[in-house]
Structure formats: structure tokens, C-alpha cells
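Notes follow the structure.
Since the structure is predicted, the reported quantities are computational estimates derived from the model, not experimental observations. A, B, ... follow the sequence lines: proteins, then strands. Residue 1 opens every chain.
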4 protein chains.
Amino acid sequence: MNSFGRIFRVNVFGESHGESVGVNIDGIPAGIPLKQEDFLYDLGRRKAGAKGTTPRKEDDLPFLKSGVFNDHTTGAPITILFENNNTRSADYAKLREFPRPGHADFVATQKFGGFEDYRGGGHFSGRLTLNLVAAGVIAKKILGDKIQVNATLKEVGGFADAEEGLAAAIAAKDSVGGIVECTVDGLPIGLGEPFFDSVESNIAHAAFAIPAIKGIEFGAGFAAAKMKGLEHNDPIIDASGKTATNHAGGVVGGITNGNQLVFRVAVKPTSSTPKDQQTLNIASGEVETFSVKGRHDLCIALRVPVVLEAITAMVLADFMMLEARIPRVNK
Amino acid sequence: MNSFGRIFRVNVFGESHGESVGVNIDGIPAGIPLKQEDFLYDLGRRKAGAKGTTPRKEDDLPFLKSGVFNDHTTGAPITILFENNNTRSADYAKLREFPRPGHADFVATQKFGGFEDYRGGGHFSGRLTLNLVAAGVIAKKILGDKIQVNATLKEVGGFADAEEGLAAAIAAKDSVGGIVECTVDGLPIGLGEPFFDSVESNIAHAAFAIPAIKGIEFGAGFAAAKMKGLEHNDPIIDASGKTATNHAGGVVGGITNGNQLVFRVAVKPTSSTPKDQQTLNIASGEVETFSVKGRHDLCIALRVPVVLEAITAMVLADFMMLEARIPRVNK
Amino acid sequence: MNSFGRIFRVNVFGESHGESVGVNIDGIPAGIPLKQEDFLYDLGRRKAGAKGTTPRKEDDLPFLKSGVFNDHTTGAPITILFENNNTRSADYAKLREFPRPGHADFVATQKFGGFEDYRGGGHFSGRLTLNLVAAGVIAKKILGDKIQVNATLKEVGGFADAEEGLAAAIAAKDSVGGIVECTVDGLPIGLGEPFFDSVESNIAHAAFAIPAIKGIEFGAGFAAAKMKGLEHNDPIIDASGKTATNHAGGVVGGITNGNQLVFRVAVKPTSSTPKDQQTLNIASGEVETFSVKGRHDLCIALRVPVVLEAITAMVLADFMMLEARIPRVNK
Amino acid sequence: MNSFGRIFRVNVFGESHGESVGVNIDGIPAGIPLKQEDFLYDLGRRKAGAKGTTPRKEDDLPFLKSGVFNDHTTGAPITILFENNNTRSADYAKLREFPRPGHADFVATQKFGGFEDYRGGGHFSGRLTLNLVAAGVIAKKILGDKIQVNATLKEVGGFADAEEGLAAAIAAKDSVGGIVECTVDGLPIGLGEPFFDSVESNIAHAAFAIPAIKGIEFGAGFAAAKMKGLEHNDPIIDASGKTATNHAGGVVGGITNGNQLVFRVAVKPTSSTPKDQQTLNIASGEVETFSVKGRHDLCIALRVPVVLEAITAMVLADFMMLEARIPRVNK
């Protein structure tokens with residue numbers, strides 16, 4: 001469904017070419033300073049416009065519709081609305097005929113019986129990640145300054161240098177994927193909840209809500225499958241829990257162990273490649289040549305880091321509030 | 001927390017060396033034939049005893065404590081209990097002194113203030129995957145015969161041939177990791193729920209509850225990050241949604257597209273390696289040489305396939321019941 | 001928290017004198033005809049303006065911000081926003097000094113540390129029942145025409161005749177309470193979910209979210225406590241489950257039994273009485289005479305029926321979708 | 001469904017004449033002293049055997065199957081099992097023919113297609129309240145000594161004196177209902193969560209899970225509907241929030257206000273009256289004379305107080321842990 005989190009509870013809504021997209025966030029403590037300006041930096045990082053991103057530019061101004069009073073959170077649910085001003089729905093009329101490969105067009109029609117808002121991907125659009133970024137801004141405030149969440153591009157189109165990968169994509173006139181790594185420093189020991197709400201479980205859950213993510217790994221990740229036990233184990237070297245290596249990526253038994261949290265996600269190439277594609281024409285029932293029009297990112301991975309930070313902050317803020325709930329008997 | 005699922009709702013409990021482990025499952029329709037024998041095949045597949053697995057053998061008999069009457073489900077919650085008969089807790093007394101690298105010992109003590117049942121990993125133990133397997137048996141019944149969930153070992157210790165990988169581990173006297181792949185055939189189009197309950201989100205969530213899983217990827221997964229759009233896109237070739245390739249792994253926009261669902265998980269090497277390790281002695285505050293006693297698997301990945309099938313079936317059964325709830329207007 | 005329901009999931013937000021109030025509804029099937037006009041009749045029934053209700057009149061126009069396309073639901077979450085145009089916040093400045101008896105002013109300040117939006121009751125205001133009425137309109141569409149939800153005033157200020165009760169209140173220059181009864185005809189047998197989601201549990205849960213409700217009873221209700229078993233029992237008289245009497249109010253074992261669902265709620269007198277009151281002056285620490293200004297209903301019970309219908313329809317729609325999820329083996 | 005609560009999360013299971021009834025409780029902090037003996041006092045208060053209660057006596061010994069180690073909670077889910085030793089299922093065979101008026105027999109068969117465990121009411125049986133009492137014992141420990149929950153019989157069969165009411169029932173050879181009042185002293189201000197999780201909402205939700213409850217009212221309750229505003233309002237008389245009267249029953253705006261929490265429930269007469277009844281014979285399709293055999297309480301209200309205390313403690317413990325989660329910025 002469209003909500004996530006237990007205490008820090010996020011509900012997203014909206015469609016790419018509908019009237020608006022937005023997010024409703026419940027469970028936020030009262031008294032946190034919050035105003036429109038606080039969102040602009042991270043929203044700007046997500047924004048299109050750089051080389052390799054879509055020419056569609058929205059103002060992306062977050063309107064605070066509820067839950068904020070005198071520039072502070074009130075403890076009531078916060079609703080943030082983004083208007084859709086810059087839509088060109090005519091681009092999408094053709095999609096009813098040619099469900100775009102890699103997109104949700106076909107499954108959405110099957111699932112929602114043709115009633116879905118198909119324009120620009122509708123509710124499946126990457127535009128809804130605006131909501132995640134906005135929620136992430138609030139989550140980062142709950143984490144505070146000591147906890148630093150930082151996501152960066154590690155690879156674009158197979159190149160460690162993003163510029164190089166992008167240049168290759170532009171040269172090939174095709175879209176490319178990438179890898180984004182997220183690290184978190186300053187975490188306390190003990191976040192995460194057995195059995196089903198491990199740190200990995202909840203971060204992976206939220207990460208796979210980001211369109212185009214197809215894999216996630218923590219610490220050594222898939223490389224761990226080729227390692228031996230002695231090599232992979234991280235020896236604890238002091239009473240604070242610091243480990244000599246960090247193959248676990250900061251999570252043991254699903255619980256933060258006080259070391260840096262590290263994970264990576266695989267981002268598939270943008271499905272809307274500029275290249276001609278072969279796919280089914282629903283009307284004719286034949287496979288035909290099809291070309292995606294509209295404005296699209298060559299490499300969606302470029303816009304993923306701030307979104308990945310956002311969902312990570314959301315999950316961690318939720319865990320921190322869950323943990324705080326329990327006045328441990330021995331504390 | 002210890003529950004998972006929206007309609008097919010699983011609650012796990014128990015400790016490795018406590019009195020029992022068990023699972024409570026709510027939301028199961030009435031009238032499904034169910035008796036103890038139905039569980040034995042999958043429980044047997046999970047069982048220790050093969051080369052590379054722990055010598056600890058429990059009977060692993062599932063006792064149906066509620067929710068079943070006249071060998072059918074009643075619609076009331078089903079509780080299944082497994083007794084712990086074959087425990088050697090003395091093995092674990094030393095753990096209080098040496099928190100085992102790679103295990104939850106250290107974080108558990110920090111999180112639960114020393115009150116956790118530390119014997120054999122307690123509530124963090126892989127023994128709790130018995131509960132998942134049991135829940136999976138019921139989930140598979142809900143999926144029915146047309147939907148086939150099948151998980152297999154793809155790699156052990158870096159070798160595609162599991163026997164070879166295991167032999168290398170035995171020779172090296174060290175534990176090894178592995179890769180397990182799960183496929184599902186026969187799925188209808190349309191399972192999965194935007195925005196946060198994508199098929200990938202929910203499967204990843206449940207998969208990371210399995211101890212030792214450190215990565216997951218769907219379809220082409222991490223390889224997709226190096227592909228170009230035209231190469232990665234799966235052209236739709238007929239009105240049933242069949243695609244020419246399956247780089248998406250059967251999930252587009254988070255929704256099943258009617259093709260084979262495919263994903264892989266990375267399993268880290270068993271943390272309880274037979275080798276000597278360096279780690280902190282809590283009492284002395286010094287890093288010392290430590291050797292794990294007790295009975296352990298050399299390669300925990302060997303026991304993962306049936307568990308991975310189980311969580312996959314759980315997630316899919318939940319999605320099927322969620323989907324069925326909605327009498328679409330146009331149907 | 002601010003959400004309710006399992007499948008038909010409602011999230012309310014907003015403040016009385018903030019920018020807006022609104023509601024986000026998840027879980028609605030695609031393909032239900034829905035446009036702004038559909039809401040006006042029920043919103044009009046809730047509206048102020050009749051004798052005994054507040055002179056504050058908002059346009060109460062529902063703006064559909066998401067989830068609707070071509071005048072049909074899309075299957076994506078529906079967001080409905082109401083603007084607050086007609087606020088007089090100056091009326092409420094004094095409340096910081098005199099927490100109004102019967103209102104949430106005092107507890108809100110304690111709970112939210114003074115950061116709450118105190119204007120007009122803020123998030124505690126009866127204005128948020130707009131959201132419930134809007135959600136109820138959609139819920140009624142899911143119930144369909146065969147299921148009729150109907151709430152009526154049974155008593156105002158102790159008089160069975162509402163006009164009479166209101167006249168007495170106006171004469172006394174004091175506010176009054178009332179009793180509202182809700183009936184539902186046409187329900188199928190079998191709605192409600194053991195153990196914790198009985199029909200009574202979920203309706204009571206939602207009903208007590210309506211400000212001013214202080215009691216609820218089903219069927220014979222409190223009178224049942226004085227009855228004998230033979231008198232109270234409703235004999236089943238045919239295979240459809242029809243009973244000779246209906247002391248159970250249509251619910252047995254927490255499950256609908258196919259007879260008319262009947263329940264009543266007690267509405268306290270509007271706390272904002274026109275009369276002078278004695279209460280604490282926070283600044284002086286003394287009990288002083290206080291008089292509520294602002295515009296208020298003499299009898300809030302007059303506006304409760306349509307709200308009670310709404311929450312009833314919400315709960316029943318949720319149960320119907322929960323029930324539909326289960327393809328009973330024997331059906 | 002069979003779970004309740006957000007942090008203090010209770011899952012009940014079992015059937016009256018099945019193998020066992022039990023409860024799984026998640027979210028309990030580690031380090032709370034807990035052993036079998038701690039449950040016996042409250043379980044004893046619920047026990048049958050006094051005048052007016054059923055002659056069926058079970059040992060009602062709670063077996064702690066998980067979550068407790070060295071006589072303390074571990075932070076893992078706690079499972080408590082009660083065995084059913086003293087069942088006489090033969091008594092119930094006839095029920096398939098005559099669905100008992102007032103019982104869930106008829107609706108259960110309709111809902112679960114005849115697969116329900118019908119013996120002794122199965123999953124609908126009052127025997128499941130054992131689970132609530134057990135959960136309540138743990139909840140009371142979380143509340144601590146300063147918060148006192150106390151429920152008492154206020155009325156039996158219309159008599160304020162329970163003995164008198166019971167004597168009248170015995171004389172009439174019929175079952176009777178009653179009224180139970182619950183008070184809580186020592187509560188902090190601020191428990192309860194807008195908009196849907198008011199104190200009244202959550203207590204009512206849980207209370208209506210207790211079989212035979214047909215009404216609930218807080219403070220003045222239904223009497224408030226006949227009062228005027230000035231009379232009903234509780235003037236605040238000091239900075240601690242103390243009020244001169246307590247018509248609100250300690251809850252304003254759905255939030256505890258620091259005064260005594262007071263509410264009452266209406267308990268219907270036991271449906272299994274010793275008197276002959278007229279009801280449908282399913283087989284013949286005719287209304288016939290029917291007489292309930294088996295062992296039953298004449299007045300189930302006698303056993304309600306400890307159960308009502310339990311659900312109240314559960315709800316309040318949940319609220320306290322929800323409240324504690326939030327490190328208010330201004331604290």
C-alpha cells in the first residue's frame with residue numbers, strides 16, 4: 001500500500017500529470033523547526049536539469065498544508081503538496097497503444113482495469129520520489145547532526161567515473177544504469193527490531209519503492225558469497241563495538257552495531273531509452289517498432305542519491321523512535 | 001517487530017535453546033486441508049544432517065496447537081509449535097565473555113541490556129527459520145498447484161558446483177557463503193501494491209529476515225547497472241504480457257507482469273567458522289584468540305533454499321489475498 | 001494515530017484555522033465513478049447554519065487532489081482537500097490563558113509542549129469531521145445501493161423531539177447534548193473479524209474519534225444489563241438467519257447476523273456553552289470567570305448523524321473488502 | 001483480526017475445546033521480572049467456581065513458551081499457552097443442529113463455511129479471555145505501581161447488590177446481565193493519540209472484543225446526553241489539571257487529563273440460559289424448542305472485571321510506550 005513506517009509513518013499520493021503529488025507524514029514529534037526553505041536544498045539535489053537528466057523542470061515547491069504552525073511541527077500530521085505545472089500529457093496518449101517496455105503501463109492496465117491515470121506513468125512515476133525527499137528532510141532532522149546520511153554515485157553505465165559513463169551513454173544514444181552507495185555515520189548500537197524488522201529488511205523495503213532499483217546489498221554484499229568465514233567476520237576490537245573490518249556493513253543480526261552502515265543499490269537503465277524498440281501494439285496485436293517520446297533522464301541513477309538518503313533517514317528515524325519507546329528496565 | 005504480512009500475517013517466536021520455537025499465522029481462509037504430515041517434506045529439506053550442515057538434529061515435529069479442526073483450517077489463527085529437545089546450552093556460556101564475530105551476541109546485549117536469552121543465539125538463531133518453513137507450507141497451499149515456487153543453490157563458496165564448493169571449504173577448514181536463486185512460475189499479472197508494497201519490497205523485506213542474507217537482486221539485478229536501456233528492456237511480445245527476455249525478473253513497476261519471477265540472494269559464510277578468530281574479551285577488555293565451539297553449519301546457504309521458497313510463498317499469498325479483496329468494478 | 005482501517009485506509013490531517021483540512025484514502029478499488037458533486041449532499045448535511053449550529057460557514061468544497069482520473073477512481077490513493085477560508089483566529093488568542101473546560105486545550109499543551117496549533121481547537125477541532133464525511137461518501141459507494149446506512153437524532157437535551165430540545169437550550173442559553181441512532185439495512189451475514197475486530201470494536205473505535213461522543217451501545221445496549229437471558233436472546237426463525245427480535249442489534253459474536261445493525265451514541269453538550277464558566281487562568285494560577293467567545297454550535301449532536309453514517313460506512317466497507325479477500329475453499 | 005495494539009502487540013489464538021488457547025505478546029521491553037506465579041492471582045479472579053459461574057474448572061496454568069529467561073522478559077515475543085484439559089465436547093454435537101440464540105454458532109458457520117471448530121464456541125469462546133488476563137498481567141507491570149487499574153461489578157440483573165441480583169437469577173432459573181465499572185488512578189496527562197487513537201477509541205475497541213459486552217460509556221456517558229454544557233463541563237482548578245467534577249471520565253479530546261479515568265460496560269445476560277428457548281432447527285427448517293446443555297455461567301458479568309482491567313492495562317501500556325517514543329523537543 002501507499003504507507004510505510006511504524007512510528008514515522010509516510011503516506012504518498014499523486015500522479016505525474018495529475019493535479020499534484022504529495023505526502024502525509026504522521027508520528028512526527030512536536031517542536032521541530034520546519035519551514036518551506038528547509039526542503040529546498042535536498043529537493044534541488046533531486047531536480048532535473050543536469051546533463052543526463054530530463055529537461056522537464058517543475059518548480060518543486062513544497063506547500064505545507066498541515067502540521068506546521070509558527071514554523072514548528074505541532075505533533076499533528078504534516079501534509080506537503082507539490083503542484084504539477086509543467087505537464088505535457090499529449091506525449092502520453094500513444095502509450096495506450098504501445099505499453100512501454102520496462103514501464104508499468106501494461107501491468108497497470110491489467111491491475112486497474114484501464115482506470116489508472118496513465119499519463120507520464122501516473123502513480124508509478126518517478127515524480128513521486130519528490131515525496132520521499134520531502135519526508136527525508138524531516139527524518140534527517142529527527143536523526144540530528146550526529147548522524148550523517150550520505151549517498152553517492154559509485155558507477156554510471158559501468159564506469160566508476162560518472163562523467164565518463166554519461167558521455168558513453170550520450171555517444172551511444174542509449175540510456176544507462178548505475179550503482180549508488182549510501183553510508184551512515186554516527187548511528188547508535190541497537191537500531192533494528194527482530195525478527196522481521198531488521199535494518200536490512202526495512203531499508204530494502206523502502207529502497208525497492210524507488211523506481212528502477214533492482215538490487216541491494218549490505219557491506220560486502222554479493223561478494224560475501226565468495227568469501228570464507230574467517231575473512232568475512234569483523235573482529236570486535238573495543239568495548240564500543242568497533243570492528244577491525246566492516247564486511248557486515250554495520251549491521252549484525254539485523255541490528256546496527258555502531259560501525260558505519262554501508263549499502264549499495266543497483267539502478268537499471270532508464271526504460272525510456274531514445275532508441276527505437278520492438279514491442280507489442282495492443283491495437284494491432286503485432287510487435288512493432290516503437291519510439292518513446294516525451295522528456296526523460298538518460299541515467300535515472302543520477303537522481304537517486306538524495307532519494308536513497310531520504311528513505312534511509314526515514315527508516316532510521318522510525319527505528320530511533322521505536323527504540324526510544326522502551327524505557328529499558330536496566331537503564 | 002516479529003510479525004509480517006497484511007492479510008497472511010505471520011508472528012514468529014521462540015529461542016534456539018529455550019523451550020520452543022513457534023509461529024502464529026492469522027488470516028488463513030477456512031477449509032484448507034492441513035495436517036502435521038503436510039509439513040514434513042519441507043521441514044525435512046531444511047533439516048541439518050547433510051554434509052556441511054550442523055550435527056544438531058531436532059525432531060522438528062510441528063505441533064498444531066490451534067486453528068485446525070478435522071484436518072482443515074478453521075479460519076481462526078493457526079499456531080505451530082516446535083519443541084527444543086536437543087540443546088547443549090553449556091556450549092554457549094562462554095559467549096558472554098567473547099561476543100562471537102558476525103553474530104548478534106554483542107548487539108543483543110547492548111539492545112536488551114543483558115536480559116536476552118543468549119544461548120545459541122536465542123531469538124536471533126537460525127532455528128527460527130523453522131517457523132518460516134512451516135508458514136511457507138501453508139502459503140504454498142494458498143498459491144495452489146499452478147504457481148510453482150522453486151529455490152536452488154547457484155553457488156557455494158564461489159563454485160557453481162555446490163559439492164565442489166563444500167569440498168573446498170572442508171579442505172580449508174573454514175565456512176563458506178553462497179548464492180541461492182528463487183523462481184516462481186505461473187503467477188498472475190498484477191500482484192504487488194504501489195507505492196511501498198512492490199513485489200521487490202516485500203520479498204526483500206522478508207528475505208532479509210533470514211539470518212545471513214546480505215544482498216538480493218531481481219532479474220538482471222546488479223548486472224543491470226552495467227547494461228544499456230535497449231539491451232535491458234524486455235519487449236512485450238503478446239497480449240498475455242509475455243516478454244522476449246526477462247531482465248526485469250518478472251516484476252515491472254513493482255507489479256508481477258506474468259513472466260517468471262526470478263531473484264537471487266547472497267548468503268554470507270557461516271559466522272561460526274571452525275577457525276580461530278581474534279575478538280574482544282569483554283571481561284579483560286583485550287582482543288584475544290577465540291574459537292567457536294558448538295555444532296554449526298559449514299555453509300548455511302545449503303539450508304536456505306526451502307526457507308527462501310517459504311518467505312516467497314508467504315509474500316505472494318499475501319498479495320493474492322490483497323488483490324482478491326477488490327471486486328474491481330470492471331470485472 | 002491519524003489513520004484507520006485495514007484495507008479501506010483513511011488518513012486525516014489539518015487544523016481548524018490552519019490552511020486546510022483533508023483526507024487521504026488508500027485501498028479504494030479502481031473504476032468507481034467519483035466527482036466533486038458526489039460529496040456535496042452529505043457535506044451539506046454536516047454543514048452549519050441550521051438553528052442550533054455555528055454561524056461559521058465554510059464553502060466546504062472538496063478538492064480532489066489525487067486518485068481520480070476521468071471522473072473515476074484509479075486505484076491510487078485519493079486525497080481530498082478542504083480550504084479554510086473563514087477563520088477568525090483572533091477569537092482564540094485568549095485560550096492560551098484560559099484552557100476551555102471540556103476542550104482539548106489543556107491536554108494538547110501538555111502533550112505537545114505548547115507547539116500545537118491551538119487556534120479553534122487546531123487538529124482536535126470538529127472541523128476534521130469534514131474528512132470523515134468525505135471518506136464516508138466513498139465508503140457508501142463501495143457498500144452499494146443494497147446496503148443502506150441511516151443515522152438520525154433520537155434525543156436532544158433530553159427531549160425526543162429535537163426542536164423541543166433545542167428550544168429549551170436556546171431558552172436556557174446553554175448548550176445541550178443528544179443521542180444519535182444509526183441503522184444499517186441490507187448487510188450480508190459474516191462481516192467482522194475475530195478476535196479483536198468485531199463489528200462493535202471497529203465501529204466503536206471510529207465513533208469515539210468523533211469529538212463529543214462519550215458512549216456507544218449496540219442493540220439493547222445498556223438495557224441488556226437489566227434483562228434476563230430468555231428475554232434478551234433473539235430466536236432465529238429462518239434459514240436466512242432472521243431473528244424474531246433484535247436485541248443483539250444485528251451483531252452476534254462480533255459478526256453481522258443478517259439482521260438490521262443498530263447502535264446509538266451519546267453526544268455530550270457542546271463544551272463551548274454561551275454561559276460564563278469558572279476555570280483556571282494559567283497566567284494567574286487562579287480560578288476565574290471565563291466566557292467562551294467565537295462561533296459555536298449549541299448542540300453539536302445535530303451535526304453528528306451524517307458523520308456517524310460516514311464512519312459506519314467506512315468500517316463496513318473495510319470489512320467487506322477484508323471478507324472478499326478470502327476465496328473460501330468451499331465457495 | 002486476532003492482533004491488537006501498536007507497540008504492546010497482542011495476538012490471541014486457540015479454541016475452547018481444542019488443544020489449547022494462548023497468546024503471543026510482542027513489544028515488551030527486556031528486563032521485566034516475570035514468572036508463572038505472577039499470573040495466578042488475576043487468573044484466579046477470572047476463574048469459574050463461584051456462585052453463578054460455570055462448573056467447568058480448568059487448571060488455567062499459564063505455560064511460558066518463549067520470551068522469558070531467568071525469570072525476566074528478554075525483549076523477544078512472549079508466548080503463553082493454556083492447555084484445555086477439561087472439555088466435554090459431546091455436549092456440543094447438537095449445536096450443529098440448533099444454532100444457539102445469542103451465540104456465534106450461526107454466523108460462524110456462515111462465515112467459515114462449516115469448517116469452524118464449533119465445540120464450545122470454538123474461537124469465539126469466553127475461554128479466550130484467559131489470554132487477555134495473561135496479557136493484562138504484563139501490561140500492569142509496565143504501568144507500574146503508581147497507576148492503579150480497578151474494575152468492579154456495579155450491577156447484576158438490575159440490582160446494585162450483586163448477591164441480590166444473582167439470587168434473583170437463581171430463583172428465576174434464568175441468566176442475567178450486569179454492569180462493570182473500571183477506574184484508573186495515577187495516569188499521566190497526555191496519553192491517547194489523535195485523531196483515531198483516542199483513549200476512548202482504543203479502550204472501546206478492546207472492550208468489545210470481550211464476549212457479551214454490548215455498550216460502553218466514559219464519565220457521565222449516556223447521562224451526558226441529557227445534561228447542559230455548564231453542568232457537564234469540568235472546571236480546571238489547578239495547574240496539575242485537576243478538575244472540580246469528572247463528567248469527562250478523565251479523557252478530554254481523547255487524551256487523558258490527569259484525573260481518574262472512569263468507564264462502564266454493559267454485559268448482556270449469558271446466552272446459554274437454563275430456560276427452554278425457541279429457535280431454528282437447521283435440519284428440519286422449523287422453529288423448535290431447544291435447551292442448552294453444557295456447563296455455563298448464570299451471569300458472565302461476574303467474570304468480566306479482571307478481563308476489563310486487563311484490556312485497559314493493555315491499551316494504557318501501549319499508549320505509554322507510544323508516548324515515550326517521542327523525545328519531545330522541548331523536554
Side-chain angles (χ1 to χ4, degrees), chain A residues 1-2 4 12 101-102 104 106-107 110-111 113 123-124 158 174-179 189-190 193-198 200-201 204-205 208-209 214-215 217-218 221-222 224-230 232-233 235-237 241 252-253 255 257 266 268-270 273 275 278-280 287 328 330, chain B residues 1-2 4 12 101-102 104 106-107 110-111 113 123-124 158 174-175 177-179 189-190 193-198 200-201 204-205 208-209 214-215 217-218 221-222 224-230 232-237 241 252-253 255 257 266 268-270 273 275 278-280 287 328 330:
Chain A
M1 325 298 247
N2 295 280
F4 184 75
V12 302
F106 180 78
V107 294
Q110 296 291 319
K111 186 174 179 74
H123 187 59
F124 289 88
D174 203 346
S175 58
V176 289
I179 289 178
I189 303 173
E193 297 291 331
F195 183 84
F196 284 110
D197 289 329
S198 72
E200 294 108 326
S201 283
H205 189 143
F208 279 117
K214 295 301 282 185
E217 58 177 10
F218 290 80
F222 276 86
K226 299 187 196 301
M227 293 166 78
K228 294 221 162 49
L230 186 63
H232 183 269
N233 276 355
I236 302 174
I237 57 174
V252 178
I255 312 289
N257 69 0
K268 72 174 183 180
T270 314
T273 168
K275 289 232 183 270
Q278 298 294 307
T279 196
L280 185 73
V287 173
R328 305 274 174 221
N330 62 320
Chain B
M1 325 298 248
N2 294 282
F4 184 75
V12 301
F106 181 79
V107 296
Q110 297 290 319
K111 186 174 181 74
H123 187 58
F124 289 88
D174 204 346
S175 59
I179 290 178
I189 303 174
E193 297 291 328
F195 183 82
F196 284 110
D197 289 330
S198 71
E200 294 107 325
S201 284
H205 189 141
F208 280 117
K214 295 301 281 187
E217 59 178 9
F218 291 81
F222 276 87
K226 298 187 198 301
M227 293 165 79
K228 294 221 163 48
L230 186 63
H232 183 270
N233 277 354
D234 302 314
I236 302 173
I237 56 174
V252 178
I255 311 292
N257 69 0
K268 71 174 185 181
T270 314
T273 167
K275 287 227 181 279
Q278 298 294 307
T279 196
L280 185 73
V287 174
R328 305 274 175 218
N330 63 316

**OP:** Quick one: which of A/G190, A/A204, A/S198, A/A104 has the most heavy-atom pairs under 4.5 Å with chain B, could you say?
**Re:** A/G190

Original post:
Do you know which of B/G241, B/G178, B/S201 has the most heavy-atom pairs under 4.5 Å to chain A?
Top reply: B/S201

**OP:** Would you check if the side chain of B/K214 reaches a backbone N or O of A/G221 as a donor-acceptor pair within less than 3.5 Å?
**Re:** no

**OP:** Could you tell me which portion of B/K268 (side chain, backbone, both or neither) has an atom closer than 4.5 angstrom to a non-hydrogen atom of chain A?
**Re:** both

Subject >> Qualifying residues under side-chain contact (heavy atoms from CB on, under 4.5 Å), relative to A/L280, sequence neighbours excluded >> reply: A/I282, B/I236

Subject >> Atom group of B/N2 that falls short of 4.5 Å from chain A, counting heavy atoms >> reply: both

Subject >> Atom pair CZ (B/F195) and CZ (A/F124), whose distance is rounded to the nearest 0.5 Å >> reply: 10.5 Å

Subject >> Most contacts with chain A, counted as non-hydrogen pairs under 4.5 angstrom, among B/D234, B/T279, B/N233, B/V12 >> reply: B/N233

Original post:
Given the rule in the side-chain contact (heavy atoms from CB on, under 4.5 Å) test, do B/K111 and A/E193 qualify, once you have shown the distances and angles that lead to the verdict?
Top reply: CA-CA 10 Å; B/K111 186 174 181 74; A/E193 297 291 331; 3.1 Å; yes

Subject >> Separation between CD1 of B/I255 and CD of A/Q110, rounded to the nearest 0.5 Å >> reply: 12.0 Å

Subject >> Euclidean distance, A/S175 OG relative to B/H232 NE2, rounded to 0.5 Å >> reply: 10.0 Å

Original post:
How many angstroms lie between CG in B/D197 and CE in A/M1, if you round to the nearest 0.5 Å?
Top reply: 7.0 Å

Original post:
Is a side-chain donor or acceptor of A/D174 paired with a backbone partner of B/K228 at a separation under 3.5 angstrom?
Top reply: no

Subject >> Proximal component of A/T270, with respect to chain B [non-hydrogen, under 4.5 Å] >> reply: backbone

**OP:** Please flag which part of A/V252 lies under 4.5 Å from any non-hydrogen atom of chain B: side chain, backbone, both or neither.
**Re:** both

**OP:** Sort out for me which of A/E217, A/M227, A/K226 touches chain B most, counting heavy-atom pairs under 4.5 Å.
**Re:** A/E217

**OP:** List in chain and number order the residues that pass side-chain contact (heavy atoms from CB on, under 4.5 Å) with B/I179, two or more places apart in sequence or in another chain; answer none if no residue qualifies.
**Re:** A/F222, A/A225, B/K154, B/E155, B/R264

**OP:** Verify the ring-centre separation between B/F208 and A/F196: is it less than 6.0 angstrom?
**Re:** no

Subject >> Check: B/G229 main-chain N/O paired with A/T273 side-chain donor or acceptor under 3.5 Å >> reply: no

Original post:
For A/F106, is it the side chain, the backbone, both or neither that has a heavy atom under 4.5 Å from a heavy atom of chain B?
Top reply: side chain

